[in-house]
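In this chain, numbering begins with 1 at the start of the sequence shown. Reckoned from all heavy atoms, side chains included, excluding hydrogens, waters and symmetry mates.
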Amino acid sequence: MRYLKLLLALALSTSFLSCSIQEETPDRGRPNVLLILADDMGYSDLGCYGSEISTPNLDRLASNGLRFSRFYNGARCCPTRASLLTGLYAHQAGVGGMVKGVRTDKKVSDPFQGYLNEHCVTLGEVLGQSGYRTMMSGKWHVSEFREGWPLQRGFDRYYGLISGAMNFFNIEKGKENATRIFLDDNEEIRPRGDGFYSTNAFTDSALEFLDESSTRDKPFFLYLAYNAPHYPLHALPEDIEKYRGKYREGWEALRAERYQRMKDSGLLTELHELSPPHPDVIPWEEVENQDEMDLKMAIYAAQVECMDRGVGQVVEKISSMGELENTLIMFLSDNGACAETSPLGGIWRERAGELGSEDSYESYGLCWANAGNTPFRKFKRYTAEGGILTPFIAHWPAGIKSRGEVVREPSHILDIMPTLCEICEADYPETFNGRPVIPYEGRSILPSLQGGNAESARILCWEHLGEKAALAEPWKIVQGHDSDRWELYNLAEDPVELNDLSETHPEKTVEMITIYRDWEDRVGAANAD
């Protein structure tokens with residue numbers, strides 16, 4: 001298998017792959033980096049991406065920076081986080097599927113072992129060795145085991161959730177039988193009590209870390225990974241109240257309004273049609289409890305607004321430090337909107353208090369998620385565009401000269417590592433702590449940030465829980481986990497994937513399948529259960 005052969009070949013390597021042109025003593029001349037990740041947020045959930053939700057701080061970053069219309073993620077939280085941190089396909093890093101709480105007994109790293117393996121390096125490790133102060137606040141979700149916690153993988157400071165979804169108000173009131181690890185550096189804690197709300201807590205710890213960083217003669221890398229707006233629907237009452245009644249017209253009307261704003265803002269082109277509603281969407285007029293469904297979307301919107309407020313606080317802090325001009329800020333989400341459970345939302349625990357409080361644990365459902373991913377099809381976990389496209393905002397006054405433009409060429413979470421290596425003048429190692437490291441897979445998006453174009457077209461592939469896809473511009477193939485046939489789309493003509501061309505272009509379909517098969521063998525995705 002090529003995946004194993006690659007590891008053996010890397011073990012014999014002794015040189016370093018350099019991402020920088022020259023070595024330089026770390027100083028304030030190199031840019032700081034703020035990387036912000038939202039959780040389960042749909043493509044159209046920000047104001048600058050067509051939403052009615054109030055997100056003035058992110059909108060301001062976009063208007064003074066760049067929006068990307070085709071930035072790809074890994075279809076779900078843990079694979080995306082693994083790729084974002086390592087610059088590798090999630091399978092190469094050991095997180096091709098879901099994070100697991102049981103270690104593998106295999107001697108060779110398993111692409112689906114469920115935690116970061118020893119043959120990858122994180123952004124914390126790469127930038128830390130280059131002289132950056134590395135800090136993280138928020139959701140980790142790439143290893144349950146201490147050896148794979150943030151401080152063990154290159155971060156100087158950490159505060160947040162090691163595991164997946166959590167109760168925003170009280171970690172001990174989660175899903176039935178759920179175990180959650182919450183850390184302050186390496187110390188396990190149980191944050192709870194009056195005033196705790198995870199979105200605000202993650203913002204507060206980020207601000208604290210920035211305070212500490214301001215006294216050190218090092219550039220900083222801060223990874224701020226919110227758990228908002230992932231379920232459960234938990235928000236502050238005053239934020240919820242702003243949106244009560246705003247969604248009484250239903251999801252069909254919301255999709256149409258967002259779609260029109262996306263076209264008016266120039267984010268979408270004339271080729272972007274609005275996809276038909278998902279087959280499981282219930283017509284709004286047939287919904288019996290419209291008040292509760294309005295409330296669910298109001299809570300979701302409140303979660304997004306609170307996150308945006310936190311982003312504004314962090315950006316203001318960086319500005320007060322005199323560092324905003326030379327700080328690269330990147331914002332994205334880990335996957336498309338979440339449609340897990342039923343069309344009208346799921347309940348993981350009997351509601352003992354008001355919906356939106358710590359005594360509830362629910363989601364908003366497929367119908368609202370269909371609006372969240374306007375204009376695309378499908379959702380989180382799927383490899384259709386609705387599952388793998390994310391809003392991506394880049395802001396860097398010292399490095400980005402364009403303001404408010406849309407970057408339309410495809411980029412990917414794999415590109416964060418090589419981009420930061422180039423911009424931060426950091427070396428990406430072929431060996432780390434005596435272990436071979438797999439070369440990163442992405443390419444720097446610095447040309448896009450500076451108004452240029454990539455030198456060559458992209459080939460990208462996906463596999464997650466049986467959902468498969470391959471992109472070789474302009475062609476893309478998709479296969480669902482419950483299907484044995486491939487669909488073929490020409491994204492240059494059909495960016496919303498409405499016209500399957502597999503029967504009219506069988507040779508191209510076969511060619512694309514070959515690309516995918518070669519990739520899945522190379523990265524280990526062929527071994528999916």
Side-chain angles (χ1 to χ4, degrees), residues 34-77 80-81 83-84 224-230 254-255 257-259 261-269 272 300-301 303-312 315 328-338 368-380 384-396 400 402 404-413 415-416 419 445 448-449 495-496:
L34 171 61
L35 175 60
I36 309 170
L37 184 66
D39 199 352
D40 278 12
M41 193 189 75
Y43 185 82
S44 69
D45 281 334
L46 299 179
C48 54
Y49 277 78
S51 181
E52 72 297 331
I53 301 173
S54 178
T55 57
N57 296 294
L58 287 164
D59 296 349
R60 192 175 301 114
L61 292 176
S63 64
N64 290 298
L66 299 171
R67 288 178 297 169
F68 284 60
S69 64
R70 294 185 63 197
F71 201 98
Y72 288 104
N73 56 51
R76 192 187 287 271
C77 47
T80 288
R81 290 160 204 271
S83 290
L84 185 71
L224 177 53
Y226 287 107
N227 62 322
H230 194 292
L254 184 66
R255 279 188 95 217
E257 291 166 2
R258 288 189 176 188
Y259 176 64
R261 282 193 291 268
M262 296 167 90
K263 290 199 301 181
D264 291 344
S265 73
L267 180 68
L268 302 183
T269 71
H272 287 82
Y300 179 90
Q303 290 177 295
V304 174
E305 178 172 338
C306 184
M307 176 185 65
D308 177 81
R309 187 163 58 242
V311 171
V315 172
L328 170 60
I329 302 174
M330 296 178 287
F331 175 92
L332 70 160
S333 182
D334 57 356
N335 44 249
C338 178
W368 285 127
N370 193 214
N373 281 339
T374 303
F376 301 105
R377 299 184 305 118
K378 298 195 177 179
F379 318 95
K380 169 184 177 179
E385 297 288 272
I388 58 177
L389 277 177
T390 173
F392 184 87
I393 298 169
H395 180 277
W396 182 22
I400 298 175
S402 300
E405 295 186 3
V406 177
V407 177
R408 302 196 185 278
E409 68 173 346
S411 302
H412 193 281
I413 48 175
D415 301 337
I416 300 299
T419 300
I445 63 170
S448 296
L449 299 181
V496 185

Pair N57-D308, side-chain donor/acceptor within less than 3.5 Å: yes

Passing option when D334 is tested against K380, H230, R81 for side chain to side chain donor-acceptor pair (under 3.5 Å): R81

Is the backbone N or O of N370 less than 3.5 Å from a side-chain atom of N373, with the two atoms forming a donor-acceptor pair by type? no

By side chain to side chain donor-acceptor pair (under 3.5 Å), D59 pairs with (sequence neighbours left out) T55

Any ion pair linking R258 and E52 (charged N to carboxylate O, less than 4.0 Å)? yes

Looking only at atom types and distance, does a side-chain atom of S83 sit under 3.5 Å from a main-chain N or O of T80, one as donor and one as acceptor? no

State whether the side chain of T390 and the backbone N or O of F392 hold a donor-acceptor pair below 3.5 Å, judged by distance alone. no

Using side chain to side chain donor-acceptor pair (under 3.5 Å) as the criterion, point out the one residue from D40, N73, D39 that pairs with N335. D40

At what distance, to the nearest 0.5 angstrom, does CD1 of I445 lie from CD1 of I416? 5.0 Å

When Y300, Y226, Y49 are each screened for side chain to side chain contact (heavy atoms under 4.5 Å, CB included) with M41, the one that passes is Y300

Applying ring-ring contact (aromatic ring centres under 6.0 Å, His included), name anything that partners H412, two or more places apart in sequence or on another chain. W462

Heavy-atom pair with the smallest gap, counting every atom of A38 and F331: CB-CZ, 3.9 Å

Taking only residues two or more places apart in sequence, or in another chain, which ones meet F376 in a ring-ring contact (aromatic ring centres under 6.0 Å, His included)? Y43

If you measure only the distance, is there a donor-acceptor pair under 3.5 Å linking the side chains of Y72 and R70? yes

When rounded to the nearest 0.5 Å, the distance separating CD of E405 from CG of L66 is 7.0 Å

